[in-house]
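Working notes, beginning with the structure itself.
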Amino acid sequence: MNSFTHPISFVKEAAPLAHMCWSMGWNEANGGNFSWRLPRDEITAILARHYPDLAPAEPVAMPIDAPDLEGEIFLVTGSGQFFRHALEKPNQVFGIVQTVQGGTAWRKLWGFSSGAQPTSEFATHLAAHAIRKRVSGGRERMILHCHPPEFIALSFLMPLESRALTRALWEKMPECIVIFPDGVRVVPLLLPGTVEIAEASAAELERSRVISWSHHGIFASEENPDKIFALVETVEKASAIHRRVLSAGGARQVIDTKMLCQLTEKFGALMVAKPEFLD
Ligand code: 2HA
Ligand code: ZN
């Protein structure tokens, strides 16, 4: 049972998620990052109630403009922080920041007690939030980047191609096409923490919630902690099965297109999008 508590309800939910990601082996050391676009009125009221003396810090310029996110407030992991420490030191691992000055800067509202800044991937997170907020009609609020080993292994074994990777995963477990009908989109190996990786990811995020950063990790968008964990967990499970099948010499049969179409028909109401790689 989780007995962790925190005056900020969003930290109360995010810290156990981060710790669980570490225990799954997805976020070693300072690897990976997380951000959550918070409901503005609710977080403003919580901060006013529990931290009445806190004043917003000076704005810091961002390497990317996010005009569509002007004024939005994010709970975000700090650069250099360990997911393993999330329960023990939540006020250090996490911070709450607001985008200001037309989405060209951020300012700290709470947290980062050791002086950290938002994750080195914050520019990509913001680009992703802007796109996924629009594409999902505001439903998606959370971005998780982590390093799940089976998923990463596939980027050494398979073509770096969205269709091939998506089909390989869909064909290994019936749940996959239901849970990620929008597929997994592949971004080539790019330097982490750059505007280049943000722009390459943004293009793919127009069509999918799940991105493969080749030879590096996964980048995913969803609504809440349960849904984002379930999404990454399912992709990683299917990746593990596929990697075992490859290690054993390859598949003799798979879940075929006919069955994938039947799954789509039966579970269409649960799917966030119409599957694209079904032909
Ligand atoms: O260390 O994972 O992508 C943080 C990262 C960079
Ligand atoms: Zn990473």
Side-chain angles (χ1 to χ4, degrees), residues 14-15 17-37 60 62-64 66 74-90 92-97 106 108 111-132 142-156 158 160 165 184-205 208-222 225 228-229 231-233 235-236 239-240:
L17 170 71
H19 193 263
M20 193 161 54
C21 291
W22 166 73
S23 67
M24 295 295 285
W26 302 345
N27 292 85
E28 73 294 336
N30 62 332
N33 28 77
F34 167 84
S35 64
W36 189 349
R37 186 171 58 81
V60 179
M62 295 195 291
I64 198 165
F74 297 88
L75 176 70
V76 59
T77 50
S79 174
Q81 301 302 310
F82 290 19
F83 273 43
R84 183 167 65 84
H85 295 161
L87 295 176
E88 208 181 304
K89 304 175 191 172
Q92 175 183 316
V93 170
F94 294 97
I96 294 177
V97 304
W106 60 271
K108 184 179 99 168
F112 295 147
S113 62
S114 64
Q117 296 215 340
T119 164
S120 57
E121 304 288 4
F122 196 43
T124 309
H125 281 240
L126 288 178
H129 277 293
I131 291 164
R132 296 307 310 178
M142 189 171 284
I143 304 282
L144 174 64
H145 162 56
C146 55
H147 305 156
E150 301 283 1
F151 182 72
I152 296 170
L154 294 186
S155 72
F156 297 94
M158 295 189 59
L160 299 180
L165 177 58
V184 177
R185 310 281 167 164
V186 175
V187 166
L189 177 63
L190 294 167
L191 195 62
T194 56
V195 169
E196 199 186 4
I197 198 169
E199 285 173 352
S201 303
E204 302 298 340
L205 284 158
S208 175
R209 294 165 299 155
V210 188
I211 302 292
S212 171
W213 281 354
S214 300
H215 314 324
H216 176 171
I218 193 168
F219 187 92
S221 168
E222 246 305 338
I228 205 153
F229 188 84
L231 182 58
V232 173
E233 188 184 28
V235 171
E236 176 65 350
S239 301

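Basis for what follows: all heavy atoms, side chains included, without hydrogens, waters or symmetry-related copies. One-based numbering, in listed order, for ligands and for the atoms of each.
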Looking only at N, O or S atoms in H145, which is nearest to the Zn ion (ligand 2)?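 Of all N, O or S atoms belonging to H145, NE2 is the one nearest the Zn ion (ligand 2).
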Which atom of H147 is nearest the Zn ion (ligand 2), counting N, O or S only? It is NE2
Side-chain touch V232/I218, heavy atoms, less than 4.5 angstrom: yes
All side-chain hydrogen bond (donor to acceptor under 3.5 Å, both in side chains) counterparts of H129, not counting sequence neighbours: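 Partners of H129 by the side-chain hydrogen bond (donor to acceptor under 3.5 Å, both in side chains) criterion, ordered by chain and then number, come out as S35.
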Could you tell me if [Y] and [X] have a donor-acceptor pair between their side chains, going purely by distance under 3.5 Å?
| X | Y | answer |
| --- | --- | --- |
| E28 | H147 | yes |
| H145 | H125 | no |
| W213 | S155 | no |

Go through it in stages, so that I can follow the logic: the residues are Q117 and W106, the test is side chain to side chain contact (heavy atoms under 4.5 Å, CB included), and I'd like the CA-CA distance, side-chain angles, deciding distance and then a yes or no. CA-CA 10 Å; Q117 296 215 340; W106 60 271; 3.8 Å; yes
At a 4.0 Å threshold, what atoms of ligand 1 neighbour a non-hydrogen atom of H147?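 Answer, ordered by atom number: 2 (O).
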Taking heavy atoms and a distance under 4.0 Å, where does N33 meet ligand 1: side chain, backbone, both or neither?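 It is the side chain that gets close, since no backbone atom is under 4.0 Å.
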How far is atom 1 (O) of ligand 1 from the closest protein heavy atom, and which atom is that?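 I find the closest protein heavy atom is N30 O, 3.1 Å.
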Do me a favour and list the nearest non-hydrogen protein atom to atom 6 (C) of ligand 1 with residue, atom name and distance?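 Going by distance alone, atom 6 (C) of ligand 1 is nearest to E121 OE2, 3.2 Å.
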Sub-3.5 Å N/O-N/O distance, W213 and ligand 1: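 There is no such contact.
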Of the choices S120, G193, P192, G32, which has the non-hydrogen atom that lies closest to atom 5 (C) of ligand 1? G32
